[in-house]
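We number each residue from 1, following the sequence as shown. These figures come from a predicted structure and were not determined experimentally. Remember, it's 1-based here, ligands and their atoms both numbered in the order they're listed.
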Amino acid sequence: MTSRSASLEIEARTIKDSRGDATVEVEVEIAGRTLSASVPAGKTKGGDEAVTVPAAKAVETIHDVILPIVRQLDVDLATHAGLIELERTLVERAGVRCESFGANALLPVSIALWRCAAAVHGLQLYEYIRAQEPELASTGRVRLFSNVLNGGYHALQTGEQLGVDRFDLQEMQIVPQSAPSYREALAMAERVDTALAELLATRFGADRMRRADEAGLSVKGLADNGEALDLLVEAISLAGFTPGVDIKITIDPASSHLYDAATERYRIGAQRLSPGQYGEYLLALLDRHAARFPNLFESVEDPLQENDWSGLEALSSEIKKRGVIVVGDDFYVTQRDRLEKGIAAGSANGLLVKPNQNGSLYGTLEVMKLARRHGIALVISHRSGETLDSTIADLAIAVGAHGIKTGAPQPERVFPGRHTWFRRTKYLRMIAIDESEREGG
Ligand code: PGA
Ligand code: ZN
């Protein structure tokens, strides 16, 4: 079973992502098999993420720089050591933040190489990761984090203002708790999505509603974060579920993007809050329904701007007291050095895992291992500009992640064409893996 990388072909091209922006897709051919991968793009990015280059430049780098390195190394992809040697060399040449290649050049190649190695072993990607990375392998159930109600910059339209036209916090997600399978968890999320769409249409008028970047609902004129949360809680009840029991809520304020470094204030509606006041504001939001639904929240992501480490430590301890996980996205940017800093400070106890913040699947798995060793919950995540690539579903299932965050469920009646299912492909992949495992297949 020898498949050496010297005989490998890589074809890279630009494709359109869910926002219609150019991104990169690669096809790797080895021993008669063709495996593909494509890379998503963030909008409200962490400042310290791996570097991204223009898509056309990434395609050029793949053909002119990465492919020659792969061929020259000529590793045996039939051994995991061969794949790791190749990945390590590529990561070393790329630089810590992928400065030399761009993460959007390296990551799709990296994923396709892992797919090749899996195929050489006759395995699917999740099976291969499970088999080869025992430190991470787990069959734990993954929670679906469905981003159904959107504010912030993912919702804002040209000429609009946050806190006036759309609420400030970027994401309000639902996390089904009581479903026995991913199919049923997705069905629960869809019921809430439908109930919320009806509720918002009745209150605000259907003509004011749209689907934001991650397919969640957004309404022009729903500008208050508290009111948005109230409506989501109501929709969960209207769908027949008990908030905080059947379905929990997660918020991602994307705080870095509400923060003005010049004035050191956070923008919430017309208010300009100091870091302390902003933390209090978020805690009050967490407590808003506590009397009726004491365990309403699953987690909060990036509760402060990404460089306020001491603030994060203090606020996290308040949030954790409420039994709510603090997830670091812009704080950790799926990078070892930043996660180490958070671990030392004892701050966020959840890691949002975005492979393109890191640049390679190898590097991403290494950061995940570090998190696991410190009991940090893993939430595998899409980006706001997505492709139809469903790698994150394989990754989540392989490691039995705490959760997978992949936008609104995109019910078929609302998003009829398969080519529009940027989020749904991930859910369907979760279901497909789940059901094939149950059948023992
Ligand atoms: P991004 O947003 O993909 O635009 O960075 C997602 C998030 O903040 O979690
Ligand atoms: Zn985030």
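- A pairwise comparison of heavy atoms in S178 and M188 identifies OG-CE, 3.4 Å as the closest pair.
- Taking a cutoff of 4.0 Å between a charged side-chain nitrogen and a carboxylate oxygen, E301 and K354 do not qualify as a salt bridge.
- Residues R424 and E190 are paired through a salt bridge, judged by an N-O separation under 4.0 Å between the basic side chain and the carboxylate.
- With sequence neighbours excluded, no residue forms a side chain to side chain donor-acceptor pair (under 3.5 Å) with Y266.
- Ring centroids of W114 and Y362 are separated by 6.0 Å or more, keeping the two rings apart.
- Residues in residues 166-199 take part in no ring-ring contact (aromatic ring centres under 6.0 Å, His included) pair, two or more places apart or across chains.
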Go ahead and list the nitrogen or oxygen contacts between ligand 1 and the protein that come in under 3.5 Å, distances to 0.1 Å, or just say none.
residue: ligand 1; atom: 2 (O); partner: T44; partner atom: OG1; Å: 3.4
residue: ligand 1; atom: 2 (O); partner: H154; partner atom: NE2; Å: 3.4
residue: ligand 1; atom: 3 (O); partner: R383; partner atom: NE; Å: 3.0
residue: ligand 1; atom: 3 (O); partner: S384; partner atom: N; Å: 2.8
residue: ligand 1; atom: 3 (O); partner: S384; partner atom: OG; Å: 3.3
residue: ligand 1; atom: 4 (O); partner: K43; partner atom: N; Å: 2.6
residue: ligand 1; atom: 4 (O); partner: T44; partner atom: N; Å: 3.0
residue: ligand 1; atom: 4 (O); partner: T44; partner atom: OG1; Å: 3.4
residue: ligand 1; atom: 4 (O); partner: H154; partner atom: NE2; Å: 2.9
residue: ligand 1; atom: 4 (O); partner: S384; partner atom: OG; Å: 2.6
residue: ligand 1; atom: 5 (O); partner: T44; partner atom: O; Å: 3.1
residue: ligand 1; atom: 5 (O); partner: R383; partner atom: NH2; Å: 2.7
residue: ligand 1; atom: 8 (O); partner: Q170; partner atom: NE2; Å: 3.0
residue: ligand 1; atom: 8 (O); partner: D252; partner atom: OD2; Å: 3.3
residue: ligand 1; atom: 8 (O); partner: D329; partner atom: OD2; Å: 3.2
residue: ligand 1; atom: 9 (O); partner: D252; partner atom: OD2; Å: 3.2
residue: ligand 1; atom: 9 (O); partner: E301; partner atom: OE2; Å: 3.2
residue: ligand 1; atom: 9 (O); partner: D329; partner atom: OD2; Å: 3.1
residue: ligand 1; atom: 9 (O); partner: K354; partner atom: NZ; Å: 3.2
residue: ligand 1; atom: 9 (O); partner: K405; partner atom: NZ; Å: 2.7

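- In summary, R203 and E227 do not engage in a salt bridge, as defined by a charged side-chain N under 4.0 Å from a carboxylate O.
- Within the sub-2.8 Å shell of the Zn ion (ligand 2), the protein contributes these N/O/S atoms: D252 OD2, E301 OE2, D329 OD2.
- Ionic pairing of D165 and R208 is not present here: no N-O contact between side-chain nitrogen and carboxylate oxygen is shorter than 4.0 angstrom.
- Here E340 pairs with R336 in a salt bridge; the nearest charged N to carboxylate O distance falls below 4.0 Å.
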